[in-house]
K.L.:
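One structure is given below, represented as structure tokens, and several questions about it will come after.
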Amino acid sequence: MEQIQVEGEKYRSFLNGEEEKNTLWRHGAPPIYDAVNKLFEQGRTREWPKGSLEEIVQKAIKSWEMEVSHKLRVQDLKTINPEKFKLIVNGREGLSAEEVLRLGTYNALLKSSLPEQFKYYKAEEESFESSHEAFRSAFPRGFAWEVISVHSGPPLISYKFRHWGYFEGPFRGHAATGEMVELHGMGILKVDESLRTEDVEIYYDPAELLGVLMQGPPISEDHNNGETTASAHHACPFSN
């Protein structure tokens with residue numbers, strides 16, 4: 001697999017350079033990953049040799065996530081084959097590139113078939129903007145991601161991953177605890193002859209993420225002094 005060099009960003013492709021001059025960015029300019037890159041470097045469990053299959057797969061998936069989170073048009077996504085692309089999460093029906101751009105990665109990954117009473121996070125009621133704002137608030141330093149193993153090479157790449165961050169900001173009425181939130185999963189990446197992604201399958205347990213966030217004490221408004229306080233009593237259906 002050929003590795004693409006991009007000036008100024010060690011872990012992602014297609015952020016800068018002449019090829020991006022006509023790209024429409026969601027927030028008007030390419031994102032800056034300094035904070036989450038620092039978190040990644042401090043907390044990763046493996047440092048893959050440059051040019052290894054693991055390092056290339058890790059960079060490819062980070063680049064894909066960057067594109068679908070920060071680019072507005074399918075035509076600007078260089079990591080995928082737009083005619084064939086599908087994102088499949090925990091065996092659910094696949095989402096097209098257009099659907100992922102509209103929903104956002106958090107909503108795509110957290111959509112659930114659980115009964116309503118067990119849905120703390122209701123992806124179908126969230127927008128792209130509201131979902132990303134919620135998790136940016138909870139993880140001010142970002143939510144880092146690493147490949148921990150690769151079990152087969154292209155065209156069908158199977159891998160295991162780890163996601164982590166520190167719950168240092170409020171999340172949907174729950175106060176921060178400062179605790180590290182960590183989840184593990186596995187993925188299957190199907191690529192074409194140009195190494196563009198056709199299918200991404202991801203399998204993981206959302207309770208590893210939401211369970212910790214929901215354990216933060218509820219934030220209540222003190223109407224006497226206008227201050228927001230955290231209650232000491234809370235319940236979490238994922239914490240059993």
Side-chain angles (χ1 to χ4, degrees), residues 26-27 31 35-36 39 43 61-62 64-70 86-146 160-187 200-221 228-240:
R26 188 173 294 274
H27 300 106
V36 75
L39 179 66
I61 296 169
K62 285 177 179 283
W64 168 78
E65 189 281 331
M66 176 278 296
E67 288 201 307
V68 296
S69 294
H70 293 281
K86 291 290 181 184
L87 171 62
I88 301 161
V89 180
N90 290 336
R92 295 194 301 270
E93 183 178 356
L95 298 172
S96 68
E98 290 86 354
E99 289 173 312
V100 176
L101 285 181
R102 177 176 56 84
L103 294 171
T105 50
Y106 285 113
N107 287 334
L109 292 170
L110 290 169
K111 189 175 180 181
S112 173
S113 57
L114 285 171
E116 286 297 313
Q117 64 268 32
F118 296 121
K119 284 186 182 180
Y120 176 72
Y121 183 89
K122 298 182 179 181
E124 63 275 11
E125 296 179 4
E126 300 288 342
S127 66
F128 182 106
E129 291 76 15
S130 68
S131 65
H132 278 253
E133 181 55 38
F135 287 97
R136 275 196 298 266
S137 169
F139 300 114
R141 288 189 279 163
F143 200 37
W145 188 94
E146 69 171 337
K160 291 182 179 178
F161 67 86
R162 170 178 171 256
H163 233 324
W164 75 99
Y166 289 88
F167 184 17
E168 297 171 325
F171 179 79
R172 293 300 164 81
H174 289 264
T177 64
E179 183 177 353
M180 184 174 78
V181 181
E182 183 177 39
L183 64 89
H184 294 80
M186 65 170 292
V200 182
E201 294 185 50
I202 298 172
Y203 299 90
Y204 80 108
D205 182 1
E208 287 189 288
L209 170 61
L210 295 176
V212 178
L213 297 179
M214 292 171 65
Q215 290 181 51
I219 300 170
S220 59
E221 188 73 22
T228 300
T229 59
S231 167
H233 301 286
H234 56 280
C236 171
F238 292 101
S239 62
N240 295 329

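Numbering of residues begins at 1 and proceeds along the displayed sequence.
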K.L.:
Between D205 and N90, does a side-chain contact (heavy atoms from CB on, under 4.5 Å) hold up when you go through it step by step?
P.N.:
CA-CA 9 Å; D205 182 1; N90 290 336; over 6 Å; no
K.L.:
Return the minimal non-hydrogen interatomic distance between A175 and I219, and the atom names on each side.
P.N.:
N-CG1, 3.5 Å
K.L.:
Evaluate the criterion side-chain contact (heavy atoms from CB on, under 4.5 Å) for residue pair V212 and M180; output intermediate values, then yes/no.
P.N.:
CA-CA 9 Å; V212 178; M180 184 174 78; over 6 Å; no
K.L.:
So, for G178 and E168, which heavy atoms are closest and what is the spacing to 0.1 Å?
P.N.:
CA-CG, 4.4 Å
K.L.:
What distance separates I202 CD1 from L87 CG, expressed to the nearest 0.5 Å?
P.N.:
5.5 Å
K.L.:
Under 4.5 Å between any side-chain heavy atoms of R162 and E182, yes or no?
P.N.:
yes
K.L.:
Does the side chain of L209 come within less than 4.5 Å of F143's, by heavy atoms?
P.N.:
yes
K.L.:
Holding to ring-ring contact (aromatic ring centres under 6.0 Å, His included), I want the full list of residues that pass it with F171, two or more places apart in sequence or in another chain.
P.N.:
F135
K.L.:
Looking at V200, L101, V100, which hits side-chain contact (heavy atoms from CB on, under 4.5 Å) with L95?
P.N.:
V100
K.L.:
Answer yes or no for R141 and Y166: cation-pi contact, defined as NZ/CZ to six-membered ring centre under 6.0 Å and angle to ring axis within 45°.
P.N.:
yes
K.L.:
Measure from the side-chain N and O atoms of H163 to the backbone N and O of A144, and report whether any donor-acceptor pair falls under 3.5 Å.
P.N.:
yes
K.L.:
Taking all atoms of both residues into account, what is the closest heavy-atom pair of G169 and A176, and its distance?
P.N.:
N-CB, 3.3 Å
K.L.:
What is the distance from atom CH2 of W164 to atom CG of L183, rounded to the nearest 0.5 Å?
P.N.:
11.0 Å
K.L.:
Side chains of F167 and L213, heavy atoms from C-beta outward: is any pair under 4.5 Å?
P.N.:
yes
K.L.:
S130 side chain to S127 main-chain N or O, any donor-acceptor pair under 3.5 Å?
P.N.:
yes
K.L.:
Identify whether the distance between the nearest side-chain nitrogen and carboxylate oxygen of E65 and K62 falls below 4.0 Å.
P.N.:
no
K.L.:
Does the distance from a Lys or Arg side-chain N to an Asp or Glu carboxylate O, for E124 and K111, drop under 4.0 Å?
P.N.:
no
K.L.:
Is the positively charged end of R26 above the ring of F128, judged by distance under 6.0 angstrom from the centroid and angle within 45° of the axis?
P.N.:
yes
K.L.:
Which residues pass the salt bridge (Lys or Arg N to Asp or Glu O under 4.0 Å) test with E93, sequence neighbours left out?
P.N.:
none
K.L.:
Can you check whether Y204 reaches V89 side chain to side chain, under 4.5 Å on heavy atoms?
P.N.:
yes
K.L.:
Answer yes or no: is there a donor N or O on one side and an acceptor on the other, between the side chain of Y106 and the main chain of A123, under 3.5 Å?
P.N.:
no
K.L.:
Would H184 and K160 count as a side-chain contact (heavy atoms from CB on, under 4.5 Å) here? Give the steps.
P.N.:
CA-CA 7 Å; H184 294 80; K160 291 182 179 178; over 6 Å; no
K.L.:
Is a side-chain donor or acceptor of E99 paired with a backbone partner of S96 at a separation under 3.5 angstrom?
P.N.:
yes
K.L.:
For H132 and S69, work out which heavy atoms get closest and say how close.
P.N.:
CE1-OG, 3.9 Å
K.L.:
With K122, which residues qualify under salt bridge (Lys or Arg N to Asp or Glu O under 4.0 Å), at least two apart?
P.N.:
E116
K.L.:
Could you walk me through whether W145 and V36 pass the side-chain contact (heavy atoms from CB on, under 4.5 Å) test, one step at a time?
P.N.:
CA-CA 9 Å; W145 188 94; V36 75; over 6 Å; no
K.L.:
Taking all heavy atoms of S137 and all of P170, pick out the closest pair and write down the distance.
P.N.:
OG-O, 2.7 Å
K.L.:
Taking only Lys NZ, Arg NE, NH1 and NH2, and the carboxylate oxygens of Asp or Glu, determine whether E201 and R92 approach each other closer than 4.0 Å.
P.N.:
no
K.L.:
Donor-acceptor check, side chain of N107 to backbone of S131, threshold 3.5 angstrom: yes or no?
P.N.:
no
